[in-house]
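Protein chains get the first letters and strands the later ones, always in sequence-line order, with residue 1 at the start of each. As a basis for the values below, the full set of heavy atoms in this structure was taken, side chains included, without hydrogen atoms, waters or symmetry mates.
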Amino acid sequence: MAGRRAGGAAPSGETMTTIRTAELRYDPRELDRKWQERWAQDGAYRVRDDDPRPKWYELTMYPYPSGDLHIGHWYAMAPADAHARFMRMKGYNVLHPMGFDAFGLPAENAAIRRGIHPYTWTMSNIQNMRRQLRSMGAIYDWNREIICCLPEYYRWNQWFFLKLYQAGLAYRAKAPANWCPSCQTVLANEQVKEGRCERCDTPVTRRDLEQWFLRITRYADELLDFSLFMDWPEKIKTMQANWIGRSEGVEISFDISSHRLEEKEIRTFTTRIDTIHGVTFMVLAPEHPLVARLTTPEHRAEVDAYVEEARRQTEVERLSTEREKHGVFTGAYAINHLNGEPVPIWVADYVILSYGTGAVMGVPAHDQRDFEFAKRHGLPIRVVIAPPGWDGSEMGQAYEGREGTQVNSGPFDGLSAQRGYQAIADRIEERGWGGRMVSYRMRDWLISRQRYWGTPIPIIYCPRCGTVPVPEEQLPVLLPEDAEFKPTGESPLKRHQGFYHTTCPQCGAQAHRETDTMDTFVDSSWYFLRFTSPHYSDGPFHPELGAQWCPVDQYTGGAEHAVMHLLYARFFIKALRDLGIVSFGEPFLRLFNQGTIIASGAKMSKSRGNVITPDTYAQALGADVVRAYLMFLGPWDGGGDWSDAGINGMARWVNRIWDLVHTDPAELEGTTQDPEAARRLLGPTHRTIKRAVTDLERFKFNTALARLMEFTNELQRVWQERAVGPDAWRDAIRTLLLLLAPVTPHLAEELWEHIGGPYSIHNQPLPSWDEELAKEEEITLVVQVNGRVRDKLTVPADIGEEEATRLALGSPRVQALLNGREVVRAVYVPGRLVNVVVK
RNA sequence: GGGGAAGUGUCGGAAUUGGCAGACGAGCAUGACUUAGGAUCAUGUGCCGAUAAGGCGUAGGAGUUCGAGUCUCCUCUUCCCCA
């Protein structure tokens with residue numbers, strides 16, 4: 001899914017600019033090749049299901065095969081791989097698979113523009129990307145690769161769809177949908193950003209279409225419960241909660257029976273039923289079905305024109321805050337049950353049908369948008385909640401607070417707004433005018449796409465039997481290979497005679513197939529299950545293996561999927577749980593969102609010409625240097641700015657490591673007689689293990705690497721001073737390589753071989769540290785006078801308060817400053833400082 | 001308009017619970033080696049000051065505290081999400 005927007009282009013060679021890089025001690029291409037071949041040959045990273053070690057499922061969002069591996073892919077995948085390798089060395093049986101999110105629009109657009117079949121385009125891109133991914137040196141077990149556009153995968157999308165359909169969780173309905181005129185398809189609400197298509201940025205318009213939906217709203221409350229999993233970023237949880245948008249309120253009907261229509265009432269939802277007596281108008285969305293029928297003959301022309309205009313507008317224009325709230329009167333009135341008043345019914349485009357009921361009660365005194373609308377159209381403004389201290393004068397804007405007293409509210413006058421709310425809600429329920437209810441902002445998940453390159457929805461329409469699901473044994477419904485690709489706004493499947501025409505599975509009559517295909521987020525809602533048994537053919541996944549590996553222990557990927565993939569997958573798993581297909585309710589226990597990598601301060605794009613291709617750098621400096629540099633840039637969740645100069649620092653460090661490992665420990669023979677000398681490296685070594693391990697654990701790659709650099713600096717000093725014996729030196733080097741192994745796997749393996757370590761370094765356990773040895777023996781005691789640093793003393797780490805204070809006061813620099821002034825007290829912070837407070 | 005996150009040298013960024021600001025790296029400077037340097041090694045590098053003493057310094061302003069990058073309030077800026 002990473003790089004989803006970057007689709008469209010075939011591999012290109014034009015980015016092979018000459019980069020100026022440091023020279024390495026070794027031939028990085030040869031070294032990468034040597035070990036990648038060896039690992040592949042040995043099946044070193046083949047994941048075994050029967051491994052007795054505890055399992056660890058670490059998944060990174062699989063990419064869309066756009067054609068070329070972008071540095072952004074490496075940024076998402078290399079640190080994830082390092083963490084997975086780290087967990088492997090910690091003793092887990094690690095599943096860290098890779099696959100391709102292979103359905104989607106770019107392939108079909110390529111077909112339209114250049115006449116290449118989406119299958120051909122996609123598969124050749126995958127081939128290229130697979131090669132590039134291999135060059136990264138990850139522990140992906142390629143025997144587990146999955147490709148969603150192949151029937152062996154998508155037939156299970158269809159199978160799940162049928163299960164959901166049977167359970168009433170998939171349904172078809174006519175609804176005004178978001179339409180992207182450029183992509184020629186409808187979009188789910190989640191795919192519309194600020195009224196524009198998430199993919200191509202084209203303003204979205206509205207279309208009424210028959211669409212398939214998945215009933216995600218049934219799980220709204222459960223999706224708000226994040227207590228089942230522990231470790232998700234607060235930001236994502238908040239975004240999901242906001243997206244779901246639960247609000248408690250009251251549904252209330254307004255009486256329109258005098259209009260002698262089939263409908264006797266208009267239903268509307270409000271969170272402020274306490275303001276019901278302040279309703280001076282109602283507003284319907286232009287798409288509201290009642291608009292046409294309610295409008296009186298003398299207003300018809302005006303209303304029709306207005307509705308037509310609103311229809312042509314994009315959501316961006318309609319929701320713009322700068323725009324004046326304006327609308328037209330239908331000539332019709334509705335009765336407010338609470339006070340029997342007739343209120344005029346207006347049509348205005350600031351109300352949108354897909355949000356709420358498409359009808360809003362206008363309370364200008366207590367809602368700012370209604371206030372502006374009333375001002376513009378000369379509608380009355382009636383205060384019904386008196387703000388504390390209000391003197392009865394006219395208001396310059398709406399009072400939206402919940403503090404206040406009911407006024408102009410008939411029998412409810414004098415109650416506080418809070419009590420008024422409850423009393424009015426009670427009254428409404430007693431009289432049957434409506435009742436308390438919970439409303440959600442989230443709508444059901446629209447999965448229909450009017451495109452070819454997706455999973456066909458397994459439904460048949462029969463003139464006699466109606467909507468008939470394709471029987472399970474007839475799956476998969478295959479995509480025909482010979483479709484015509486033209487941007488028409490209808491699925492190419494509709495014009496494919498062989499696909500379109502079929503017979504009814506129930507009665508055998510002439511029937512036709514559903515021609516919409518599924519949103520690709522259906523594929524990614526369960527792909528992690530498929531990785532556990534990718535070749536299983538009796539079901540979407542092997543039930544035992546699914547249970548053994550899932551849920552995913554650690555998921556990593558971009559935050560842009562917060563209210564799409566990450567929410568859909570949670571829903572999907574809950575639905576599967578209720579269908580008895582899985583036994584857990586959350587797909588991803590821990591989530592980490594990496595940031596975005598940019599180049600020269602700007603987002604990488606072809607048009608800017610600042611696209612960084614990892615291949616170029618991997619060839620010049622090897623995969624390890626690129627991996628390590630990406631991890632060193634800064635905190636992983638912060639993203640980073642790629643710089644050619646910066647990567648040279650990494651190359652230098654790698655060279656220093658190479659030189660340190662290629663020293664001959666024999667040269668240290670007899671250099672020191674001091675038995676204490678062996679200890680010279682023990683403290684630094686154990687401190688390094690401790691810090692590097694705890695940092696790697698928490699994805700703090702940048703500081704983990706800084707620790708390792710400090711360690712190599714220390715090793716260099718020790719070597720130059722010939723300060724330790726050969727055994728201590730060998731131990732330190734061994735530790736360094738083991739800690740390096742997850743980050744720079746090829747180099748670590750090569751150097752491990754050089755020092756005679758048993759193949760493979762990646763099967764060795766991570767070194768552990770001894771808390772006692774990691775402790776500093778001496779510390780720098782900071783001496784402050786009135787909070788300002790005046791001296792620093794080197795003292796034993798276990799120094800007590802008395803001794804520390806005595807030393808601090810005795811310091812000549814402190815004495816000079818005291819100069820007869822009175823010492824009020826001395827604050828001692830163990831192991832850190834003494835602050836002498838003087839007057 | 002609402003909500004959230006953030007603002008630290010020339011740059012990327014470090015900094016348990018409030019306790020040495022600037023780790024580590026880049027860049028830059030000086031020197032060494034060298035036919036050469038885009039290699040390597042050494043040293044220096046927050047600002048003012050003289051190479052000293054000393055002072056200032058984590059967007060700006062106030063506050064709490066023995067002590068604030070960290071906590072509180074206000075202002076400004078940037079980014080993200082929602083409208």
- Within the structure shown, what part of the strands sits under 4.0 Å from T703(A) by heavy-atom distance: base, sugar-phosphate, or nothing? sugar-phosphate
- Does A15(B) have OP1 or OP2 sitting under 4.0 Å from an N or O in the side chain of K700(A)? yes
- Nucleotide nearest R832(A) (side chain, heavy atoms from C-beta), chosen from G13(B), U17(B), C66(B): U17(B)
- R788(A) side-chain N/O to C56(B) phosphate OP1/OP2 under 4.0 Å: yes
- Task: Give me the ring orientation class for Y555(A) and H565(A): parallel if the planes are under 30° apart, tilted from 30 to 60°, perpendicular past 60°.
- Result: perpendicular
- Query: When you check the glycosidic angle of G38(B), does it come out syn, meaning within 90° of 0, or anti?
  - Reply: anti
- With a 4.0 Å cut-off on heavy atoms, is Q368(A) in touch with a base, just the backbone sugar-phosphate, or nothing at all? nothing
- Query: Looking at N702(A), does any N or O in its side chain come under 4.0 Å of the phosphate oxygens OP1/OP2 on A14(B)?
  - Reply: yes
- Task: Could you tell me which residues satisfy side-chain hydrogen bond (donor to acceptor under 3.5 Å, both in side chains) with R813(A), sequence neighbours excluded, listed by chain and number?
- Result: none
- A706(A) side-chain proximity, nearest of A42(B), C20(B), A23(B): A23(B)
- Message: I want to check one thing: is the phosphate of G27(B), taken as OP1 and OP2, less than 4.0 Å away from some side-chain N or O of R652(A)?
- Response: yes
- Is any side-chain N or O of R825(A) closer than 4.0 Å to OP1 or OP2 of G67(B)? no
- Message: So, does R790(A) get its side chain near the phosphate of G55(B), meaning an N or O under 4.0 Å from OP1 or OP2?
- Response: yes
- How does RNA chain B read in dot-bracket, base by base from 5' to 3', with Watson-Crick or G-U pairs under 3.5 Å and | used when the partner is on another strand? (((((((..(((......[....)))((((((.......))))))(((.....)))..(((((..]....)))))))))))).
- Picking from G19(B), G13(B), C24(B), the nucleotide nearest the side-chain atoms of E710(A) would be C24(B)
- Note on the structure: Across all chains, not counting sequence neighbours, the ring-ring contact (aromatic ring centres under 6.0 Å, His included) partners of H662(A) are W658(A), H754(A)
- What does V782(A) touch in the nucleic acid at a heavy-atom separation under 4.0 angstrom: a base, only the sugar-phosphate, or nothing? base
- Task: Kindly say if N648(A) contacts the phosphate of G27(B), meaning a side-chain N or O under 4.0 Å from OP1 or OP2.
- Result: no
